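The figures here come from the full heavy-atom set of this structure, side chains too, leaving out hydrogens, waters and symmetry mates. Note that the structure is predicted; figures quoted are calculated from it, not measured. Both counts, for ligands and for their atoms, begin at 1 and track the order of listing.
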Amino acid sequence: MLDLLLLNASLPDGRTGMSVAVQDGRIVQVAPGLQAPAVETVDAQGQLLSAAFVDAHFHMDSALSYGQPRVNASGTLLEGIALWGELKPQLTQEHVMNRALAYCDWAVARGLLAIRSHVDVSDPSLLAVQALLEVKRRVAPYLDLQLVAFPQDGLLRSPGALDNLRRALALGVDVVGGIPHFERTMAQGAESVRLLCELAAEQGRLIDMHCDESDDPLSRHVEVLASETQRLGLQGRVTGSHLTSMHSMDNYYVSKLIPLMAEAGLGVVANPLINITLQGRHDSYPKRRGMTRVPELLAAGITVAFGHDCVMDPWYPLGSADLLEAAHMGLHVAQMTGQAAMRQCYDAVTTNPARLLHLERYGLEAGCNADLVLLQARDPVEAIRLRATRLKVWRRGRLVAETAPSSARLHLPGRPGQVDFRT
Ligand code: FE2
């Protein structure tokens with residue numbers, strides 16, 4: 001007997017009328033019109049069944065701290081970093097854990113079951129690291145939390161940061177992070193990239209660096225990250241996050257840079273909600289959008305994900321763990337309105353981030369984990385358009401969240417009715 005049988009589902013690749021059979025937490029068969037006894041059978045009624053959403057870039061240590069101790073008045077990245085510096089001395093392990101656990105509940109309700117979160121290692125007590133490692137243990141039954149050791153105040157700029165980062169890795173943090181554009185000079189930024197890539201190579205770690213998160217057209221750390229990846233044989237293991245300076249770079253230089261990134265097998269995470277609000281703040285008009293060159297990177301064969309980055313923290317006052325919101329914003333900012341491009345935006349919050357996180361058994365094939373979400377939409381484009389309701393969310397085949405279908409009841413003169421915004 002199967003544990004779960006889903007019938008009449010539409011899949012993100014365009015197949016319709018599909019059945020998905022689940023046993024012992026894994027998908028065992030995907031085929032049209034399956035019939036078999038199951039503990040639970042769900043008729044998807046032609047709606048979209050997707051592998052769960054994946055967020056490739058988040059900051060869980062600061063999430064849901066909005067307004068503490070004050071709000072970001074200028075709205076800039078640098079004031080956000082300063083504000084986080086004011087909040088840090090007041091943090092307790094319990095405070096960080098409670099906010100993080102609350103966010104993980106939001107994530108599950110939104111069908112977001114894997115998150116790569118950076119965790120600030122600048123504080124020698126590693127309080128946030130300890131808190132998020134405990135959160136990772138607690139949420140493991142329902143959410144994959146991958147942690148990145150992130151030297152927020154600069155690896156070379158902040159005394160003891162390299163030692164803190166090494167200790168965080170020893171405690172169980174998974175991935176090596178960095179922030180080269182925040183070092184004192186371009187040369188020190190490059191030096192930090194070299195040190196961090198060598199450390200990751202030594203320890204067999206993945207790398208995910210905040211890189212060139214600025215409007216500076218002359219920032220050059222992506223180039224160094226690609227070059228170090230190549231030199232150390234780390235192809236496919238390194239992600240550059242943000243890369244917003246690429247928006248402002250000279251086109252000729254970018255025509256050299258993107259092939260270097262592709263050659264190094266660099267992954268990219270753009271964070272559209274944050275990039276569009278934090279970048280271009282020093283511009284009058286025209287104001288730059290500040291998101292990296294997503295369609296051009298995709299065209300070069302580079303894996304690009306859209307991350308959420310922040311929810312209600314010193315850098316961003318909004319958000320609700322909805323990766324479809326990130327996809328929706330990314331689609332607009334990058335002007336990816338063609339049919340194929342809109343589907344790529346869906347991949348940017350599902351399969352692409354799963355690849356960057358090296359998630360095992362992710363997907364909608366036999367043998368994959370049954371981490372699934374049923375949406376109130378018929379296809380990925382409709383899901384993005386409506387930021388569709390997550391009707392049901394399963395983790396390893398077990399139902400972990402449900403939301404009632406969304407619809408409005410009309411009370412118009414002479415013709416009552418109902419709309420759910422689908423044509
Ligand atoms: Fe970030």
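The environment of CD in E360 is sparse: at most 12 heavy-atom neighbours from other residues, nucleotides or ligands sit within 6.0 Å.
Under the 3.5 Å distance criterion, with hydrogens and angles disregarded, a donor-acceptor pair is assigned to the side chains of D120 and W84. Looking only at atom types and distance, the side chain of S219 has no donor-acceptor partner in the side chain of H181 under 3.5 Å away.
The set of protein atoms (N, O or S) found at less than 2.8 Å from the Fe ion (ligand 1) reads H57 NE2, H59 NE2, H210 NE2, D309 OD1, by chain and number.
Within the structure, the salt bridge (charged side-chain N to carboxylate O under 4.0 Å, His left out) test picks out the following pairs touching residues 199-225 (sequence neighbours left out): R116-D208. Note on residues 148-158: pairs passing salt bridge (charged side-chain N to carboxylate O under 4.0 Å, His left out), not counting sequence neighbours, are K88-D153. Under the salt bridge (charged side-chain N to carboxylate O under 4.0 Å, His left out) criterion, the residue pairs touching residues 165-184 are K136-D174, D163-R167, with sequence neighbours excluded.
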